[in-house]
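Hydrogens, waters and symmetry mates play no part in the numbers below; they use all other heavy atoms, side chains included.
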Amino acid sequence: MGKLIAYRTATVRGLAMTALLSVLLFNGVACGRATPQSTATASMSQETDTEDGHVLPNQQVAQLNESIRTVNGEPEMIVAEARPSYRVSNGTVTMMTIRDESASSQPAGMYTLTTQCIGTGELDVRFTMGNKTVQDVMRCSAGSISNGTMSLDVDETDRVVVEIAPSDGAKAEIAYRIDATDREQ
């Protein structure tokens, strides 16, 4: 009888931890402001040499992070390092949409969003500053880092939004940066 009670207690604790983890993941707390896009039960294989939460090997994640930090050779205004295109929980794959928003004041000028990815699939990228928005689709490459840029010429604003939605089934790591440039360039 004592073993049965201990088993039930352990099962209840395990279910409570699973429920808490699910709430954190689905609310973006544990996954760097990414939000669930769609779910499917599938077996997208995890590489054996991956950091917790990443979907590609550590070497590719490090390569992407180094690339996004040095792509222009100039200090960046904002940088967001590698994030996975999906999460797996209990055999369920959840595609993750990145949505980062800032309310800090930005002076008038030209701003460039550089998005990079490595892996497979496509990304729907949307960049908003103030009341101006640009949108594009980029394809990720499994063998090398894919690069996409888009620019906005804006008046002073206190709203910056970056949204990146991977296509269903995409297996990629995604990073971006925003740079401010002079209007004369």
| Pair listing, salt bridge (charged side-chain N to carboxylate O under 4.0 Å, His left out) test, anchored in residues 110-132, at least two apart | Glu122-Arg139, Arg126-Glu163
| Sequence neighbours excluded, every pair satisfying salt bridge (charged side-chain N to carboxylate O under 4.0 Å, His left out) that has a member inside residues 57-68 | Glu66-Arg69
If only side-chain N and O atoms count, and only distance matters, is there a donor-acceptor pair under 3.5 Å linking [Y] with [X]?
| X | Y | value |
| --- | --- | --- |
| Thr112 | Ser151 | yes |
| Gln135 | Thr133 | no |
| Tyr111 | Asp153 | no |
| Ser67 | Gln116 | yes |

| Any donor-acceptor N/O pair, Gln106 side chain to Arg159 backbone, under 3.5 Å | no
| task | Say whether, by atom type as modelled, one donor and one acceptor occur between the side chain of Ser85 and the main chain of Ala172 under 3.5 angstrom. | result | yes
| task | Taking side-chain hydrogen bond (donor to acceptor under 3.5 Å, both in side chains) as the test, write out the residues that go with Thr70, two or more places apart. | result | none
State, yes or no, whether a side-chain contact exists between [X] and [Y] at a heavy-atom distance under 4.5 Å.
| X | Y | answer |
| --- | --- | --- |
| Val134 | Leu152 | yes |
| Tyr176 | Leu113 | yes |
| Asp100 | Val161 | no |

| query | Thinking salt bridges, do Glu81 and Arg83 make one under a 4.0 Å N-O criterion? | reply | no
